[in-house]
Protein chains: 2
Amino acid sequence: MAQPAPSDRELDILKVLWKLGEARVRDVHETLCQRGQCAFTTVQTFLRIMAEKGLVSQRAKGRTLYYKARYSPQRAAARFLHKVFDGSVDQLVLSMLAAEDTSADELKQLEKLIGEARKKKLKREES
Amino acid sequence: MAQPAPSDRELDILKVLWKLGEARVRDVHETLCQRGQCAFTTVQTFLRIMAEKGLVSQRAKGRTLYYKARYSPQRAAARFLHKVFDGSVDQLVLSMLAAEDTSADELKQLEKLIGEARKKKLKREES
DNA sequence: TAGCCTAAACTAATAAGTTAGTTATAAAGC
DNA sequence: GCTTTATAACTAACTTATTAGTTTAGGCTA
């Protein structure tokens, strides 16, 4: 079963599941549609379809179904990267930097993050 | 005119335009559908619709129309960032790093890129 | 147990995306 | 001038996304 890429709305629901972990339709609905912008049954339909597609997993606890994301933020990032930048992280990061809305402090933070990840990776490769 | 986000196929076409700069339907078609996977008229229809949406610009040179992207890779990156990670570059980069398919060399390269961007930004902020 | 509540399953309707064929028109060559 | 060719404009069919209503059934309460 090839897991298709989520649509925009599906992504909204996945984001809620990333935050909540395992959740009922009700939980997702309440988090997503605070002011009744969307119906309970809409969320329900989405979760059912997404379960068919393999984007979420479904587990029955008593009579109610609990849903969990089977599509990670990492996957979303990777898919986007391949789709738009043919998999080149450099190009993506350059584009982000060009967008100009990251502060110098954030950049410093990023530099540190990446440096740490690199060192960790080097160590792993040595062993 | 609110410029909507491009769909998947529209993105394929934008990518070609990013590469070619200004191009005719024919050029886009040849680049995109090397083995006749899609019809000339399909590309044509897409470009027409995308022009209506403001995703590309249209310029007549004689009888033929030349198209140019009006939606940059930067915009695509920024939109994605907001959609999936609520605009947090940190989260995105962390996700990328977690994906494990970047080599230590690439990471080093990234670190350098970001460092340079940061210094440039600092200098600009000083002045 | 009869009625109520909740949640799942089913159904449906509209909108948007995707693909490509047909028609019309202008230019280019013979 | 007529035929071919290339391109734009129009049209159409089919698919997928999005939204939500209706029906059904399990469990709870009085």
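Any value given below was found using the heavy atoms of this structure, including those in side chains, with hydrogens, waters and symmetry copies removed. All chains are named by letter (A, B, ...) in the order of the sequence lines, taking the proteins before the strands, and each is independently numbered beginning at 1.
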* Above 12 or not: heavy atoms from other molecules or residues under 6.0 Å from NZ of Lys108(B)? ->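 Open.
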Once you round it to whole Å, what is the distance between [atom2] of [N] and [atom1] of [X]?
X        : N       : atom1 : atom2 : answer
Tyr66(A) : dT6(C)  : OH    : P     : 15 Å
Phe40(B) : dT5(D)  : CZ    : C1'   : 12 Å
His29(A) : dT6(C)  : NE2   : C1'   : 14 Å
Leu65(A) : dG27(D) : CG    : P     : 13 Å
Ile13(A) : dT18(D) : CD1   : C1'   : 10 Å

* Contact summary for Ser88(B) and Leu81(B), nearest pair of heavy atoms ->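 That would be O-CD1, 3.7 Å.
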* To do: Let me have a per-nucleotide readout for nucleotides 17-30 of chain C, 5' to 3', with B, S or -, counting only protein heavy atoms under 4.0 Å.
  => SSBBBB---SS---
* Asked: Roughly how far apart are Leu14(A) CG and Arg75(A) CZ, rounded to 0.5 Å?
  ->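 Between atom CG of Leu14(A) and atom CZ of Arg75(A) there are 11.0 Å.
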* To do: Indicate whether OP1 or OP2 belonging to dT7(D) is found under 4.0 Å from a side-chain N or O atom of Arg24(B).
  =>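 Yes, Arg24(B) has a side-chain N/O under 4.0 Å of OP1/OP2 on dT7(D).
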* Asked: So, is Arg26(A) close to the dA7(C) phosphate, meaning a side-chain N or O under 4.0 Å from OP1 or OP2?
  ->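 So the side-chain polar atoms of Arg26(A) do come within 4.0 Å of the phosphate oxygens OP1 or OP2 of dA7(C), strictly under.
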* **Single hit among Ile13(B), Asp12(B), Val56(B) for side chain to side chain contact (heavy atoms under 4.5 Å, CB included) with Val28(B)** =>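 Of the listed options, the one satisfying the test is Ile13(B).
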* By salt bridge (Lys or Arg N to Asp or Glu O under 4.0 Å), which residues pair with Arg63(A), not counting sequence neighbours? ->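 Result, salt bridge (Lys or Arg N to Asp or Glu O under 4.0 Å) vs Arg63(A): none returned.
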